[in-house]
Amino acid sequence: QAQVVESGGGSVQAGGSLRLTCAAAYRSTCMAWFRQAPGQEREGVAVACSDGDTSYADSVKGRFTVSKDNAKNGLILQMNNLKPEDTAMYYCAANPRAGPMTALQALHITIWEYDYWGQGTQVTVSS
């Protein structure tokens with residue numbers, strides 16, 4: 001059984017919107033979205049923690065909104081005004097191995113420092 005499952009990716013034109021959802025098998029203080037474009041390193045996109053703390057990469061601030069559903073161990077990423085440079089595989093990660101931390105700290109650790117992550121969902125934005 002997968003520990004983390006993402007859904008909601010797809011193809012849209014620039015300026016469009018997509019909503020990604022993530023479901024985790026276990027409760028997690030912080031959950032994160034990462035993305036990786038071909039030939040580029042995986043980067044943190046947005047984090048939401050159980051206390052309501054959130055953090056975003058500068059490239060998505062004002063366009064993306066992340067929210068955590070504590071009751072369902074879920075994470076949602078609402079992506080608006082999408083740009084071609086947002087094209088990437090998006091991964092959800094849960095449960096930072098180091099324990100409780102701020103959303104800003106959780107955004108800047110690597111996906112490998114989370115206990116669980118999903119298979120990814122593709123987002124493609126055309127110009």
Side-chain angles (χ1 to χ4, degrees):
Q1 181 180 355
Q3 307 296 337
V4 174
V5 179
E6 306 99 336
S7 61
S11 297
V12 296
Q13 291 190 329
S17 298
L18 284 173
R19 183 181 177 92
L20 304 184
T21 60
C22 170
Y26 303 102
R27 190 164 63 105
S28 177
T29 54
C30 293
M31 295 177 70
W33 287 102
F34 286 79
R35 68 184 181 186
Q36 186 169 21
Q40 297 187 20
E41 294 186 356
R42 199 168 296 191
E43 63 172 350
V45 175
V47 169
C49 298
S50 298
D51 61 359
D53 191 18
T54 59
S55 187
Y56 297 89
D58 288 343
S59 59
V60 306
K61 284 180 181 177
R63 301 188 296 121
F64 291 11
T65 302
V66 66
S67 58
K68 191 171 182 291
D69 185 338
N70 292 324
K72 298 181 179 179
N73 299 330
L75 188 69
I76 298 170
L77 185 68
Q78 178 65 43
M79 304 185 294
N80 297 328
N81 191 21
L82 282 160
K83 302 177 180 180
E85 51 263 42
D86 294 318
T87 295
M89 186 71 80
Y90 283 69
Y91 299 89
C92 177
N95 198 36
R97 195 167 297 131
M101 59 181 65
T102 66
L104 181 61
Q105 290 171 326
L107 183 66
H108 290 97
I109 61 175
T110 69
I111 196 170
W112 316 117
E113 294 173 86
Y114 285 81
D115 279 332
Y116 310 112
W117 57 91
Q119 295 298 309
T121 185
Q122 179 67 38
V123 171
T124 302
V125 185
S126 58
S127 58

Connected via hydrophobic side-chain network under 4.5 Å: [X] and [Y]:
X: Leu104; Y: Ile109; value: no
X: Val45; Y: Met89; value: no
X: Val12; Y: Val60; value: yes
X: Val123; Y: Phe64; value: yes
X: Tyr56; Y: Ile76; value: no

**Prompt:** Taking atom types as modelled and ignoring hydrogens, do the side chains of Asp53 and Thr102 form a donor-acceptor contact shorter than 3.5 angstrom?
**Reply:**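 No, because no side-chain N or O of Asp53 sits under 3.5 Å from a partner of the opposite role on Thr102.
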**Asked** Cut-off 3.5 Å, side chains only: do Thr21 and Ser7 have a donor facing an acceptor?
**Response**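 Yes.
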**Derivation of the salt bridge (Lys or Arg N to Asp or Glu O under 4.0 Å) call for Lys83 and Asp86** = CA-CA 5 Å; Lys83 302 177 180 180; Asp86 294 318; over 6 Å; no
Minimum-distance pair of heavy atoms, taken over all atoms of [X] and [Y]:
X: Ser67; Y: Ala48; value: C-CB, 4.2 Å
X: Thr29; Y: Pro100; value: OG1-CA, 4.3 Å
X: Ala24; Y: Ala94; value: CB-CB, 4.3 Å
X: Gln78; Y: Ser17; value: NE2-CB, 4.0 Å

Is any side-chain heavy atom of [Y] closer than 4.5 Å to one of [X]?
X: Tyr114; Y: Ser28; value: no
X: Cys22; Y: Met31; value: yes
X: Val66; Y: Leu75; value: yes
X: Gln105; Y: Val47; value: no

**Message:** Apply side-chain contact (heavy atoms from CB on, under 4.5 Å) to residues Arg42 and Trp112 and explain how you reach the verdict.
**Reply:** CA-CA 10 Å; Arg42 199 168 296 191; Trp112 316 117; 4.0 Å; yes
Taking [Y]'s backbone N and O only, do any of them form a donor-acceptor pair with [X]'s side chain (distance below 3.5 Å, no angle check)?
X: Gln3; Y: Ala25; answer: no
X: Gln40; Y: Ala37; answer: no
X: Thr121; Y: Gly9; answer: yes
X: Glu43; Y: Phe34; answer: no

**Prompt:** Counting only heavy atoms not in Gln119, do more than 12 sit closer than 6.0 Å to its CD atom?
**Reply:**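 Not buried by this count: 12 neighbours or fewer within 6.0 Å.
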**Message:** Check this for me: Glu85, atom CD, are more than 12 non-hydrogen atoms of other residues, nucleotides or ligands nearer than 6.0 Å?
**Reply:**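 Counting neighbours around CD of Glu85, more than 12 heavy atoms of other residues, nucleotides or ligands fall under 6.0 Å, so yes.
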Pairwise distance [atom1]([X]) to [atom2]([Y]) - rounded to 0.5 angstrom:
X: Cys30; Y: Lys68; atom1: SG; atom2: NZ; result: 7.5 Å
X: Asn73; Y: Ser50; atom1: CG; atom2: OG; result: 8.5 Å
X: Arg63; Y: Asn80; atom1: CZ; atom2: CG; result: 9.0 Å
X: Ile111; Y: Tyr91; atom1: CD1; atom2: OH; result: 7.5 Å

**Request:** Test side-chain contact (heavy atoms from CB on, under 4.5 Å) on Leu20 and Met79 and set out the steps.
**Result:** CA-CA 8 Å; Leu20 304 184; Met79 304 185 294; 3.7 Å; yes
**Asked** When you look at Thr65 and Arg19, which way does the side-chain contact (heavy atoms from CB on, under 4.5 Å) test go after all the steps?
**Response** CA-CA 10 Å; Thr65 302; Arg19 183 181 177 92; over 6 Å; no
**Request:** Start with the C-alpha distance between Ser59 and Arg35, add both sets of side-chain angles, then the distance that settles side-chain contact (heavy atoms from CB on, under 4.5 Å), and finish with yes or no.
**Result:** CA-CA 12 Å; Ser59 59; Arg35 68 184 181 186; 3.3 Å; yes
